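Note on naming: letters A, B, ... go to the chains in the order of the sequence lines (proteins, then strands), and numbering restarts at 1 for each one. Only a predicted model underlies this, so the values are computations on that prediction, with no experimental measurement involved.
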Amino acid sequence: MEQVNTESLSRESSGAFVFQSRPNCSQTHAQERLAFRGLAALCLGTAIGFAGMGYWLVLPFEGLVIGLLIWARAVRHGHESDYESLTIEGDMVVLEWRMGNQSGHRQMNRQWVRVACDCTVPGRSCRLCVSSHGRETEVGHYLSDEARLQLAATLRSKLQA
Amino acid sequence: MSDAAHAHPGHHTHPTGIMRWLTTTNHKDIGTMYLWFALIMLFSAGSMALLIRTELFQPGLQLVHPDFFNQLTTMHGLIMIFGAIMPAFTGFANWQVPLMLGAPDMAFPRLNNWSFWLLPAAGLMLMSSFLLPGGAAAGGWTMYPPLFIQGGISYDLTILAVHIMGLSSIMGSINIITTILNMRAPGLTLMKMPMFCWTWLITAYLLIATMPVLAGAVTMLLTDRNFGTHFFNAAGGGDPVMFQHIFWFFGHPEVYILILPAFGIVSQIIPTFSRKPLFGYASMVYATASIAILSFIVWAHHMFAVGMPVAAQLFFMFSTMLIAVPTGVKVFNWVATMWKGSLTFETPMLFAIAFVCLFTIGGFSGLVLAMAPVDIQLQDTYYVVAHFHYVLVSGALFSIFAGIYYWLPKWTGHMYDERLGKLHFWLSVIGMNIVFFPMHFLGLAGMPRRIPDYALQFTEFNQIATVGAFIFGFSQLIFLTVVLKTIRGGAKAPARVWEGAEGLEWTVPSPAPYHTFEVAPVLSK
C-alpha cells in the first residue's frame with residue numbers, strides 16, 4: 001500500500017558483493033509520534049469541547065479521523081523495516097527481503113543464477129529478476145528503471161567473474 | 001525483493017484507457033484529474049454567477065424566479081469552494097509535492113485514488129439537486145438553520161455531498177501530511193522545503209482540525225431535519241445561533257484553507273521571475289503557521305450582527321486585526337523578493353503580482369469589516385461580497401492561474417502561448433476589477449446581498465458589475481484554449497522551464513515522466 005522512496009547501496013566487502021536497498025524515510029520515530037499525538041490531541045480536544053456543550057455529533061467524525069490517523073500510522077510502521085539485499089559471496093548468491101508483513105530468504109548456487117531485465121519499452125518499465133532452478137525472484141523494487149538496468153549489468157558481470 | 005508471484009502489483013505495467021484513470025494510483029494522473037474536475041466545476045459555478053449577474057443587470061425580476069436565484073447563489077458558493085478551489089489546490093499538491101520533495105509518489109497512493117473519486121460523486125449530487133422537486137438548496141452556502149432545516153430533499157442531498165467532500169479532504173490531508181513528513185529526500189530538511197510544501201502541510205492540519213466539525217454540524221442539521229432532534233431548532237429548545245458558531249469554527253479556517261496554498265504558489269513564482277531567493281523564508285513559514293493558529297480564534301467576526309457581549313466583540317475584533325500582522329509579513333516579503341530583482345513579466349509572474357496587489361485590497365476591506373461597529377453596518381451587504389471575492393478570486397483563483405501557467409510546461413512538455421496567456425491575464429484582471437470593485441460602493445450604499453431585485457439607485461454600479469462579469473467569465477475561455485493548445489503541442493519545454501526556477505521538480509525532464517524519483521535524490525546543500 002505504502003509508496004516508498006529508496007536508499008540503495010552497492011559495495012564490495014571482503015571479496016563479497018553486497019547490494020542493499022530500502023525505502024527512504026525522512027521522519028524519526030520521535031517526530032512521527034509527535035505528529036500523530038499532536039493531530040490526535042487536536043481532534044480529541046475539539047471533539048470534547050463541542051461534546052461538552054451538547055453537540056456530541058462532532059465526536060464520531062473526530063473519532064473517524066483519529067481512526068484514519070491510526071491506520072496511516074500502522075501502514076507506515078508496517079513498512080518501516082522493508083528492505084531487500086543481495087549478496088554474492090564465493091559460490092553463493094543470497095537474497096533477503098522484507099516487504100510489509102512478508103519476508104523471505106533464498107540461497108542459490110552462483111553457477112545457476114540467471115539475471116533477466118525485461119523492459120516493455122526500451123529503457124522503461126523494466127523488471128529485474130534473478131532466477132535459478134525454474135524459480136524467479138524480482139529484485140530492485142525500489143529502484144528506477146535506469147538503476148535497475150545498471151544493477152542488472154553489475155550482477156551479470158559479478159556472476160561471471 | 002520478492003518472488004515473482006508476490007511482485008508489486010501494477011508496478012511495471014499500468015492499464016490504459018478509462019481503466020487507467022479509474023484505477024490509477026499515480027500522483028500525476030490523480031493531480032491531472034483533480035485539476036480537470038476543478039476546471040469543470042469552475043465553469044459550472046461560473047455559469048451560475050453569470051446568470052446571477054444577468055438577473056442583476058436591471059432592477060426588478062426579469063430572468064429567474066427569486067427562489068431559483070437563491071439556489072444559484074447557494075450552489076455557486078458551495079461548488080466554487082468545495083468543487084473548484086479546494087480540488088484545484090489538491091491537484092497542485094498531487095502533482096507538485098512529490099516532485100518537490102524528491103518522492104516517487106504520495107504516501108498512500110490508493111487512498112489518493114479514493115480521495116479523488118469521491119469528488120465527482122459529490123459534485124454530481126450538488127449539480128443534480130437542481131433537478132429535484134423544489135430545486136437545489138437555497139439556504140446559502142453557510143447552511144444556516146432554520147432555512148436549512150425547512151427545505152426539501154435537495155437539502156439532504158447537499159448535506160450528503162458536503163460529507164463526501166469533507167471525507168475526501170480528510171483522506172487527502174492525511175496523505176499530504178504523511179508524504180511531507182516522511183518522504184522528503186535525504187538532506188531536504190523541513191526548513192529547506194519549498195514554501196508550497198509548507199503551506200500545504202499547514203493547510204492539511206487545518207483541514208483535519210476543522211472538517212470533522214463541519215461534518216458534525218451538518219449531521220446535526222440532518223438529524224434535526226429527519227429524526228426529530230432539536231440541536232438547532234428553536235421550536236424544540238435548540239439554538240440556531242450555535243450552528244453559526246460551529247459553522248464558522250470550521251468556516252474561518254476554511255478561508256485560510258483556500259488561501260494558504262495560494263500563498264505557497266505565489267512564493268514559488270515570485271522568486272523565479274525575480275531571479276532571487278525568497279526574502280525571509282523562515283519568517284514566511286512562521287507567518288503561515290501564525291495565520292493558521294489565529295484562524296481558530298476569530299470565527300465570531302462573521303457573527304457581530306448576531307449579538308454578543310462587548311468583551312467578546314472586542315476579543316474577536318482585535319484577534320481578527322492581529323491576522324493582518326503575519327499577512328503583512330508575507331506581503332512585505334513578496335515585495336522585498338522583487339525589490340532589486342532581475343524581473344521579467346511572463347504570465348505566471350503577472351498573475352502573481354496581481355495576486356499580491358489585489359489580495360491586499362481584499363485584506364484591507366477585511367480589516368474594515370473586522371471593526372465590529374462598521375461590520376454591523378456592512379453585514380450582509382455587497383461590501384462583504386466585494387471583500388471575499390477580492391480574497392477568493394484575485395487571491396485563490398489568480399494563484400491557481402499563476403500556478404497552472406508556471407507548471408503547465410513541466411506537466412505537458414510544451415510551452416504555452418505567451419500572447420494568449422497575457423491576453424487572458426489582462427482581460428481577467430480588468431474584468432475582475434470591473435465586477436467586484438463597484439460592489440464596495442453598492443455595499444457602502446446599503447445594497448443587501450442574496451437578493452434578485454434592488455432599489456433603482458443601485459442600477460448603474462450593478463450594470464457595470466454585470467458587464468465586468470461577462471468580460472471576466474468569457475475570458476476564461478481563452479484560458480481553456482491555452483491549456484488545450486499546450487496539451488496538444490507547442491514549443492518543446494526544457495527540464496528547467498524558467499531560468500530562475502529552483503527546486504527538485506526542475507531536475508526531471510519535461511514532461512515529467514510517469515515515474516519520477518524512484519531513487520531518492522540526495523541534496524548536497
Can you list the steps and then say if Phe232(B) with Tyr55(A) is a ring pair (Phe, Tyr, Trp, His ring centres under 6.0 Å)?
CA-CA 10 Å; Phe232(B) 308 122; Tyr55(A) 299 90; 5.6 Å; yes

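Put simply, the side chain of Ser26(A) gets close to the backbone of Leu181(B): a donor and an acceptor are under 3.5 Å apart.
By the 4.5 Å heavy-atom criterion applied to side chains, Glu62(A) and Val213(B) are counted as neighbours. For the pair Ile170(B) and Phe61(A), the minimum side-chain heavy-atom distance is 4.5 Å or more.
With chain B as partner, the option from Leu57(A), Val58(A), Leu68(A) having the largest number of non-hydrogen pairs under 4.5 angstrom is Leu57(A). Ranked by non-hydrogen atom pairs under 4.5 Å with chain B, the options Thr28(A), Val65(A), Leu64(A) are led by Val65(A).
For Leu42(A), the part lying under 4.5 angstrom from a heavy atom of chain B is the side chain only. For Leu188(B), no part lies under 4.5 angstrom from a heavy atom of chain A. Heavy atoms of Thr223(B) lying under 4.5 Å from chain A belong exclusively to its side chain. With a 4.5 Å cut-off on non-hydrogen atoms, Ala147(A) touches chain B through its side chain but not through its backbone. The contact between His163(B) and chain A is made entirely by side chain atoms (from C-beta outward), counting heavy-atom distances below 4.5 Å. The contact between Leu167(B) and chain A is made entirely by side chain atoms (from C-beta outward), counting heavy-atom distances below 4.5 Å.
Annotation for Gln31(A): atom CD counts as buried by contact number, over 12 foreign heavy atoms lying within 6.0 Å. For CH2 of Trp117(B), the number of neighbouring non-hydrogen atoms (other residues, nucleotides, ligands) closer than 6.0 Å is greater than 12. Crowding of His133(A) atom NE2: a count of heavy atoms from other residues, nucleotides or ligands under 6.0 Å not exceeding 12.
One finds the CE atom of Met183(B) at 8.0 Å from the CG atom of Asn24(A) (value rounded to the nearest 0.5 Å). In this structure, CZ in Phe50(A) is found 6.0 Å from CE in Met242(B), a value given to the nearest 0.5 Å. In this structure, CZ in Arg73(A) is found 13.5 Å from CD1 in Ile174(B), a value given to the nearest 0.5 Å. Thr219(B) contributes atom OG1, which lies 9.5 Å from atom CH2 of Trp56(A) (distance to the nearest 0.5 angstrom). One finds the CZ atom of Phe231(B) at 12.5 Å from the CE atom of Met53(A) (value rounded to the nearest 0.5 Å). One finds the CD1 atom of Ile180(B) at 11.5 Å from the CD atom of Gln27(A) (value rounded to the nearest 0.5 Å).
Checked against side-chain contact (heavy atoms from CB on, under 4.5 Å), Gln150(A) has no partners two or more places apart in sequence or in another chain.
Of all non-hydrogen atoms in Ile208(B) and Cys43(A), the two that sit nearest each other are CG2-SG, 3.8 Å. Of all heavy-atom pairs spanning Asn182(B) and Cys25(A), the tightest one is OD1-SG, 2.9 Å.
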